[in-house]
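Here the structure comes first, spelled out in structure tokens, and everything after it is commentary.
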Amino acid sequence: MSERKVRVRFAPSPTGALHIGGVRTALYNYLFARQNGGQMILRIEDTDSTRYVEGAERYIIDSLRWCGIEIDEGVEQGGPHAPYRQSERKAIYLKYALQLVESGNAYYAFDTPEELDTLRKEMESRGKTFSYNYAIREKLATSLHLSKQEVQERIARGDQWVIRFKMPADQTVAMEDLIRGEVEINTSTLDDKVLYKSADSLPTYHLANIVDDHLMEISHVIRGEEWLPSLPLHYLLYRAFGWSDTQPEFAHLPLLLKPSGQGKLSKRDGDKLGFPVFPLRWVAPNGEVSRGYREDGYFPEAFINMLALLGWNPGTEQEIFSMQELIDAFSIDRVGKSGARFNPDKAHWFNAQYMHAADDRRLAALYEPMVVAHGHSCSHENALRIVSQIKMRATFPDEFWGLSSFLFEAPVAYDDKAQKKYWKGDAPKVVAALREVLAMIEPFTLAEMERVCHAWIAENEIPMGLVMNAFRLAIVGEAKGFGMFEMCEVLGKEQTLARLDRALAALPKE
RNA sequence: GGUCGGUUCGUCUAGCUGGUCCAGGACGUGAGAUUCUCAUUCUCAAAAUCAUGGGUUCGAAUCCCAUACCGACUACCA
């Protein structure tokens, strides 16, 4: 068992956008696969033709790619077990369902959904819960007590049928979960789940899932906690097929909870929670648009880092992890057992960390189009200079322009508050003198400005705060911006002197 | 209702085999320091009777039981 090749799978169903809980499940699968030199498989579970949403599969693939979660085998890259879309594997499932009927582990049931519905309502109106199980199945139209001939006839004349698992009564199933440990359950509390539907010739999740995991040689199933209740069925299915010896190990991840109210986060939460629930922007078939982390300005590395720590922790105080570091540090037994609420503030913090550490060239590529969009131009050299300064003050790229627009638009007025605070005493005279010093500096570079001006300031014993704040007011028009000489270098000598002259003329002399 | 799972600062969590935990870290919050504005950075602070009640034990956040609360599941959905 321990020698077994690690093969994990992420198996979403294309019923809409993938929410962050799903992304986290995919991530944990991926980390586990990579850490163990195993394979990561993407299987599309589209066995519910009625809930299929156009574009969802594309969205899932794009999302994983943006996150940096690489797929080894799947609908796009193919692989030894292709196809990886269950709708394209239709042909293989019936055989297995029939095999179960043959071996007495399953049976045909001819009830229509409507019949079951009325039965269910009837029971409920009498205060009882309806469960399709050992107690009731003998009374319904099933192959369990119908003659072989009648079963054949019904099928032949096109009656709708379904194959249900024959859940044994009063057996204890002992299961092992990598996160929760031993879990036991009595089968009498379980019902006869539908495995195959004749209506669309498609299996249900349970059958398709077990068959495909077996066929695809999956070694570990890492999925959401909502699947824990069906784990006994899955165990029994493996047993019925005679596959228990190669049955995968299971790990059920705690759920991601809604931040305010209660309940698990769902894709229907879309855009209503005050933070994105989806990695990428999603336009639903009904036209409803939900924002995404990518469009909100999150770096994929930050998004992944944040998600990885939501439910898992390394046991150390390290919080910033690259994908490779996550791969090295991840372990399933350090995944928590309880559901986690998502914290938008912490997500911001993670993004800010990546922003501050981001490569200037990467940020400049984001910045330059913004400058152009605002009707200005900027040399690549200056973009790099600007971005290296403003990134320390930003959390998201969309703050860039607000943090630097004054470099492209000279002040037309001077902030009153800043004037009162900084344009007083010797300030006007000092700035006038500084203008002359700057005028003589050649080349007009950061290093040169610092060298000359700092010497001048020291020599004349001028308080740093006095010069710089007044200087800032003159250049920017208010008390904002980054380093003065850094800004002047971007502005260039001509613009710097022009702004000084204008300020000296517009502001009070004393 | 039934079955299963969970329960440590507002939030994410450390705490795995009981003592060094009158519970540690991070986010957020407050205060201060540094600084040419802002931001960064740094320091400090407030913040959890470890859901509650019983055990077991010399000793429990850590083991056991019960209760409460929360969640998942309970479809011819995944």
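Throughout, protein chains are lettered first and strands after them, A, B, ... in sequence-line order, and every chain is numbered starting at 1. The analysis underlying the following values was restricted to heavy atoms, covering all of them including side chains, and did not include hydrogens, waters or symmetry mates.
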For atom CG of A:Leu228 and atom C1' of B:A72, their distance in whole Å: 8 Å
Atom-pair distance (CD1 on A:Ile390; C1' on B:U40), nearest Å: 14 Å
Distance in angstrom units between A:His252 NE2 and B:G6 P, rounded: 13 Å
B:C9 to B:C27 separation - C1' atoms, rounded to the nearest Å: 12 Å
Sugar-phosphate only, base, or nothing, as touched by A:Val467 at under 4.0 Å among non-hydrogen atoms: nothing
Reading 5' to 3' through nucleotides 73-78 of chain B, protein heavy-atom contacts under 4.0 Å coded B for base, S for sugar-phosphate only, - for none: S--BBB
B:U8 and B:C16, which share atom name C1', separated by this distance in whole Å: 15 Å
Distance below 4.0 Å between A:Asn313 side-chain N/O and B:U13 OP1 or OP2: no
Distance flag, aromatic centroids of A:Tyr293 and A:Phe303, threshold under 6.0 Å: yes
P spacing across the pair B:U7 / B:C50, given as an integer number of angstrom: 15 Å
Between A:Phe408 and A:Trp401, ring centroids under 6.0 Å: yes
Closest to the A:Glu317 side chain, choosing from B:G24, B:C4, B:G28: B:G24
Separation of B:A72 C1' from A:Asp177 CG (nearest whole Å): 13 Å
Most 5' of A:Leu257 and A:Arg472 on RNA chain B, judged by nearest nucleotide: A:Arg472
Aromatic ring proximity, centroids under 6.0 angstrom, A:Trp349 and A:Tyr354: no
Nearest-nucleotide 5' precedence on RNA chain B, A:Glu450 against A:Arg180: A:Arg180
Touch class at under 4.0 angstrom, heavy-atom based, for A:Lys337 against every strand present: sugar-phosphate
Watson-Crick or G-U counterpart of B:G5, or none if no pair lies under 3.5 Å: B:C70
A:Phe342 CZ - B:A26 C1' separation (whole Å): 15 Å
Separation of atom CG in A:Leu190 from atom P in B:C4, rounded to whole Å: 10 Å
P-based separation of B:A46 from B:U56 [nearest Å]: 37 Å
Interatomic distance at P, B:G15 relative to B:A51, whole Å: 16 Å
Within the 6.0 Å centroid threshold, strictly below: A:Tyr93 and A:Tyr196: no
Test of ring centre spacing under 6.0 Å for A:Tyr298 and A:Phe396: yes
Touch class at under 4.0 angstrom, heavy-atom based, for A:Gly315 against every strand present: nothing
Lys NZ or Arg CZ of A:Arg223 over A:Phe250 ring: under 6.0 Å, within 45°: no
Counter-base of B:A47, judged by Watson-Crick or G-U geometry with both distances under 3.5 Å: none
Base-pairing assignment for B:A23 (Watson-Crick or G-U wobble, both under 3.5 Å): none
Ring centre gap for A:Tyr28 and A:Trp312 strictly below 6.0 Å: no
Sugar-phosphate, base or nothing in reach of A:Phe485, heavy atoms under 4.0 Å: nothing
Nucleotide forming a Watson-Crick or wobble pair with B:U56, both distances under 3.5 Å: none
For the student: nearest non-hydrogen atoms of A:Thr47 and A:Ala208, plus distance: CG2-CB, 4.2 Å
Separation of atom CE in A:Met464 from atom C1' in B:U34, rounded to whole Å: 14 Å
A:Glu57/A:Arg85 ion pair, N-O < 4.0 Å: yes
Neighbour count >12 (heavy atoms, 6.0 Å) for atom NZ, A:Lys90: yes
Sugar-phosphate only, base, or nothing, as touched by A:Thr189 at under 4.0 Å among non-hydrogen atoms: sugar-phosphate
Rounded distance in Å between the P positions of B:U35 and B:U17: 50 Å
Rounded interatomic separation in angstrom, taking CG from A:Leu231 and P from B:U3: 18 Å
Nucleotide nearest A:Leu255 (side chain, heavy atoms from C-beta), chosen from B:C4, B:G71, B:C12: B:G71
Separation of the P atoms in B:U41 and B:G24, to the nearest angstrom: 23 Å
Distance below 4.0 Å between A:Arg341 side-chain N/O and B:U7 OP1 or OP2: no
A:Ser338 side chain, from C-beta outward: closest of B:U7, B:G25, B:U37: B:U7
B:U17 - base-pair partner by Watson-Crick or wobble geometry, distances under 3.5 Å: none
Atom P, compared across B:G18 and B:C64: separation rounded to whole Å: 11 Å
